[in-house]
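Some notes on the structure that comes next.
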Amino acid sequence: MNTGLPIIDVQRVTTVLGRVVIHRQLSLQVRAGEVMAIIGGSGSGKTTLLRLMLGLERPVAGRVCVFGHELADGEPEVLARVRNRWGVLFQQGALFSSLNVFENVALPLRELKNVPSEMIGELVMHKLEQVGLQAADARKRPAELSGGMIKRVALARALILDPPLLFLDEPTAGLDPASSKQFVRLIEGLRDEMKLTVVMVTHDVDTLFALADRVAALADRRLVAVGSVAEVAVVEHPFIRDFFLGHQARWDEESLRLFRQSLRDCA
């Protein structure tokens with residue numbers, strides 16, 4: 001893992017929505033090559049933090065820099081180039097129902113307007129193959145796809161520009177356990193193959209253990225813990241205790257074994 005300059009640098013950010021303070025003086029760095037997982041209870045500000053990193057929200061104080069560029073104050077042309085260096089997998093896939101699979105994945109390439117039309121087909125079919133889909137799937141509409149296939153198409157679209165940074169919003173939400181494991185293995189393989197840096201919002205502990213290098217736990221309008229799963233799991237805080245211990249009954253055997261090992265490691 002590269003531990004040089006951070007890909008994302010959130011510095012002393014305060015976020016307010018309406019009259020509600022969501023984050024207060026929050027700082028977080030995401031290193032190149034790591035998978036950073038963001039966890040938190042309902043209303044803790046995990047999605048808002050993700051939106052700050054995407055430049056979709058602005059803090060009332062502090063700054064958010066991605067690839068060394070401050071998102072709030074950059075030139076539009078520079079920010080457009082920065083945004084082309086990340087991909088986003090939205091929770092429900094966010095596919096366009098009026099477009100087939102091929103056109104959904106091709107959309108970012110068409111928006112760029114600098115990719116020759118004869119190359120678009122080749123790039124799209126390669127990306128569909130990379131996420132485990134067949135050539136015949138390219139003609140299907142979103143309504144014809146299973147939940148797992150929708151996730152794969154959305155992932156192909158997020159990665160069609162070969163970005164070095166990938167944002168995942170609840171990547172396994174809505175999937176059955178078998179599909180969830182398959183999708184996690186896919187992300188794991190693509191992370192290694194494409195040398196991705198990944199920021200992931202999740203509430204699923206199995207996904208956390210399988211993918212995360214570090215975890216940032218949000219509670220009380222701040223980060224109450226940042227570290228490896230083993231380090232965060234033993235922090236004395238009500239949210240962290242409930243998050244880890246409250247999930248034990250439905251963990252698979254491997255996640256439960258890893259959790260118990262993490263407790264021993266930090267003892």
Side-chain angles (χ1 to χ4, degrees), residues 35 37-38 42 46-48 50-51 53-57 83-163 165-191 193-194 196 198-208 210-211 250 252:
V35 177
I38 301 171
S42 178
K46 353 181 249 304
T47 299
T48 301
L50 195 67
R51 289 174 63 84
M53 293 177 178
L54 291 168
L56 299 175
E57 301 280 356
R83 290 189 176 101
N84 287 337
R85 298 183 66 194
W86 70 57
V88 186
L89 174 64
F90 298 98
Q91 184 172 339
Q92 303 301 327
L95 300 182
F96 292 96
S97 59
S98 61
L99 302 179
N100 64 22
V101 165
F102 182 97
E103 292 299 332
N104 264 284
V105 177
L107 191 60
L109 295 172
R110 299 199 192 284
E111 289 291 319
L112 274 182
K113 298 179 180 178
N114 62 1
V115 180
S117 57
E118 62 270 17
M119 287 187 60
I120 290 178
E122 182 181 342
L123 292 171
V124 170
M125 298 311 292
H126 171 69
K127 199 58 66 176
L128 290 177
E129 181 182 358
Q130 205 172 16
V131 300
L133 294 173
Q134 305 298 317
D137 296 324
R139 298 188 296 273
K140 295 178 180 177
R141 301 275 178 173
E144 302 175 81
L145 305 177
S146 67
M149 291 177 72
I150 287 173
K151 296 276 191 183
R152 288 172 186 264
V153 174
L155 183 59
R157 183 179 62 186
L159 295 175
I160 191 63
L161 300 180
D162 289 330
L165 174 60
L166 177 64
F167 292 96
L168 305 174
D169 186 10
E170 299 285 4
T172 56
L175 298 181
D176 61 70
S179 297
S180 179
K181 286 182 181 179
Q182 290 173 0
F183 196 65
V184 164
R185 284 197 294 269
L186 173 62
I187 294 171
E188 206 170 17
L190 289 171
R191 179 251 181 121
E193 179 182 345
M194 299 179 67
L196 292 167
V198 180
V199 177
M200 170 179 68
V201 170
T202 187
H203 70 278
D204 184 72
V205 178
D206 293 335
T207 302
L208 196 71
L211 291 176
R250 60 184 182 82
D252 61 27

To the closest 0.5 Å, what do you measure between [atom1] ([X]) and [atom2] ([Y])?
| X | Y | atom1 | atom2 | value |
| --- | --- | --- | --- | --- |
| M119 | S117 | CE | OG | 10.5 Å |
| L166 | L155 | CG | CG | 6.5 Å |
| E57 | L50 | CD | CG | 11.0 Å |
| S146 | L175 | OG | CG | 8.5 Å |
| K181 | D176 | NZ | CG | 10.5 Å |
| M200 | L89 | CE | CG | 11.5 Å |

Contacts of type salt bridge (Lys or Arg N to Asp or Glu O under 4.0 Å), residue R185, not counting sequence neighbours: none
Salt bridge (Lys or Arg N to Asp or Glu O under 4.0 Å) partners for D162, two or more places apart: K127
Any side-chain heavy-atom pair of N104 and P142 under 4.5 Å: yes
Residue pair L211 / T202, side-chain heavy-atom distance below 4.5 Å: no
Partner residues of R83 under the side chain to side chain donor-acceptor pair (under 3.5 Å) criterion, sequence neighbours left out: none
side-chain contact (heavy atoms from CB on, under 4.5 Å) between L161 and L112, worked out: CA-CA 10 Å; L161 300 180; L112 274 182; 3.5 Å; yes
Within 6.0 Å of CD in E129, more than 12 heavy atoms from elsewhere: no
Within 6.0 angstrom of E118 CD, more than 12 heavy atoms from elsewhere: yes
List for me each residue that meets side chain to side chain contact (heavy atoms under 4.5 Å, CB included) alongside [X], sequence neighbours excluded, and say none if there are none.
| X | result |
| --- | --- |
| E193 | Q130, L190 |
| T47 | R51 |
| Q91 | D169, E170, A173 |
| I150 | L95, L145 |

Residue pair L196 / P163: nearest heavy atoms and the distance that separates them: CD2-O, 3.1 Å
Closest non-hydrogen atom pair between P116 and N114, with its separation: CD-O, 3.7 Å
Side-chain donor-acceptor pairs of residues 133-141 under 3.5 Å, sequence neighbours excluded:
{"unit_1": "D137", "atom_1": "OD1", "unit_2": "K140", "atom_2": "NZ", "d": "2.9"}
{"unit_1": "D137", "atom_1": "OD2", "unit_2": "Q134", "atom_2": "N", "d": "2.8"}
{"unit_1": "R141", "atom_1": "NH1", "unit_2": "S98", "atom_2": "O", "d": "2.2"}

Donor on one side chain, acceptor on other, T172 and T207, under 3.5 Å: yes
Residue pairs, two or more places apart or on separate chains, that pass salt bridge (Lys or Arg N to Asp or Glu O under 4.0 Å) and touch residues 89-107: E103-R110
Pairs where residues 150-161 contributes a residue and the test salt bridge (Lys or Arg N to Asp or Glu O under 4.0 Å) is met, not counting sequence neighbours: none
Any pair counted as ring-ring contact (aromatic ring centres under 6.0 Å, His included), so long as it reaches residues 83-127, sequence neighbours left out: W86-F167
